[in-house]
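Note that the coordinates shown come from a computational prediction; the quantities given were computed from them, not determined experimentally. Starting from 1, each residue takes its place in the sequence as its number.
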Amino acid sequence: MILTDRLRLRRFRLDDAPALARYRSDPEVARFQSWRSPIDPAQAAAIVAGYRAESPEGPGFFQWAIELRERQGLIGDLAVGTVATRGGGLWALLGITVAPEYQRRGYAGEAMGAVAAHLRARGVRRVTAECDVRNTASARMLRRAGFRETGRASRFVGQRGRRAEFLLFGMPAEKACRAVRGAAQMEEEEMVDPGRVSPRVAPAGDPAEDAAGNVAEQPAQPEQPQEADGFGEGEA
């Protein structure tokens with residue numbers, strides 16, 4: 001469990017399925033995401049069951065459930081994919097979705113900052129994120145949070161039935177701990193698509209990085225992602 005001033009990030013519970021189905025079936029929430037929408041209660045229950053089998057400490061994928069500290073109830077979810085780089089370091093890819101009634105309150109930045117701190121403590125050196133090029137509000141939030149645009153990627157998104165263009169962002173984990181927390185007060189559209197990246201291999205064209213996790217200024221060239229629960233069909 002991770003606690004912030006206002007939020008509790010925890011493992012999904014079975015009773016989170018109705019709330020997950022509700023906000024993931026909202027067309028405005030799903031518009032720029034890579035998971036399938038709408039989803040019915042049975043599909044949501046199956047997704048939650050999959051999340052409950054994941055580990056927040058191991059390599060690969062984990063989906064954090066987000067709720068307010070003052071009361072129980074799912075208000076969003078935050079996906080983390082941990083990737084081993086060719087240089088032997090660890091990178092993490094973040095993606096977040098917040099239910100519409102809880103957007104524009106800074107919850108996305110607060111949750112992402114807390115998770116970045118958790119990842120840094122695990123030895124993650126760099127935190128990355130991506131969003132659809134049309135999702136200007138989320139791109140603006142990431143830039144204001146201190147993420148630097150590192151390139152673009154175009155790939156086929158099966159859930160949408162077409163190719164989509166994504167903006168790629170990154171920053172050293174130490175900087176992310178400070179900068180993303182500072183973005184918690186920014187009122188933005190709080191949906192960042194984590195895309196789909198294999199946790200087993202580093203992205204192709206993985207740029208050289210220094211000891212702090214900084215990378216050379218060059219466009220990223222991610223490999224064709226593999227399907228994996230948490231970043232594949234029906235996931236955020």
Side-chain angles (χ1 to χ4, degrees), residues 2 9 29 31-35 60-64 66 76-83 85 89-98 103 106-120 122 124-155 157 164-184 186 188-199 202-203 205-207 209 213-215 217-223 225 228 230-232 235-236:
I2 299 175
L9 283 75
V29 173
R31 180 170 47 154
F32 297 124
Q33 297 282 18
S34 59
W35 29 258
F61 303 103
F62 186 74
Q63 203 90 5
W64 290 98
I66 306 171
D77 56 274
L78 193 156
V80 179
T82 306
V83 181
T85 70
L90 289 174
W91 285 19
L93 179 64
L94 304 185
I96 191 166
T97 304
V98 177
Q103 291 177 18
Y107 292 143
E110 188 170 334
M112 291 176 74
V115 169
H118 172 78
L119 291 169
R120 183 190 175 205
R122 287 180 49 203
V124 171
R125 295 164 57 179
R126 187 167 180 80
V127 177
T128 65
E130 65 180 54
C131 65
D132 191 296
V133 294
R134 299 168 300 162
N135 193 348
T136 56
S138 290
R140 187 164 57 247
M141 183 192 75
L142 289 168
R143 292 188 181 102
R144 289 179 176 174
F147 280 87
R148 185 172 62 182
E149 186 175 339
T150 59
R152 295 192 176 202
S154 177
R155 58 175 173 268
V157 181
E165 191 85 7
F166 296 88
L167 297 176
L168 311 178
F169 295 87
M171 76 164 76
E174 181 176 2
K175 182 179 178 182
C177 295
R178 301 189 302 265
V180 182
R181 281 173 176 166
M186 299 175 187
E188 299 291 349
E189 182 177 337
E190 298 165 337
M191 292 178 288
V192 179
D193 191 339
R196 294 175 293 170
V197 174
S198 168
D206 187 23
E209 63 176 44
N214 295 299
V215 296
E217 189 69 41
Q218 58 179 301
Q221 299 293 330
E223 67 173 28
F231 284 74
E235 311 307 324

State, to 0.1 Å, how close V98 and A108 come at their nearest heavy-atom pair, and which atoms those are. CG2-CB, 4.4 Å

To the nearest 0.5 Å, how far apart are CD1 in I2 and CH2 in W64? 4.0 Å

Distance, nearest 0.5 Å, that separates OG1 of T136 from CZ of F32: 7.0 Å

If I compare all heavy atoms of L9 with all of V115, which pair ends up nearest, and what's the gap? CD2-CG2, 3.4 Å

For G170 versus T150, what's the shortest heavy-atom pair and its separation? N-CG2, 4.1 Å

R122: partners by side chain to side chain donor-acceptor pair (under 3.5 Å), with sequence neighbours left out: none

Using 0.5 Å steps for rounding, measure from the CG atom of L168 to the CG atom of L142. 11.0 Å

Output, in order, the C-alpha distance, side-chain angles, deciding distance and verdict of side chain to side chain contact (heavy atoms under 4.5 Å, CB included) for L94 and I96. CA-CA 7 Å; L94 304 185; I96 191 166; over 6 Å; no

Any side-chain to backbone donor/acceptor pair from T128 onto A92? Under 3.5 Å, distance only. yes

Nearest heavy atoms of R31 and R134, plus distance in Å: O-NH2, 4.4 Å

If you round to the nearest 0.5 Å, how far is CZ of F147 from CE of M141? 8.0 Å

Closest non-hydrogen atoms of A79 and Q63, given as atom of the first, atom of the second and distance, are CB-OE1, 3.3 Å

Ring-face cation of R155 near F166 (centre distance under 6.0 Å, axis angle within 45°): yes

Gap separating the CG atom of L167 from the CZ atom of R152, nearest 0.5 angstrom: 5.0 Å

The test is side chain to side chain contact (heavy atoms under 4.5 Å, CB included); show your working for V83 and L93 and say whether it passes. CA-CA 8 Å; V83 181; L93 179 64; 5.5 Å; no

To the nearest 0.5 angstrom, please state how far the CZ atom of R126 sits from the CG atom of L119. 14.0 Å

Heavy-atom closest pair, residues E165 and S154: OE1-CB, 3.3 Å

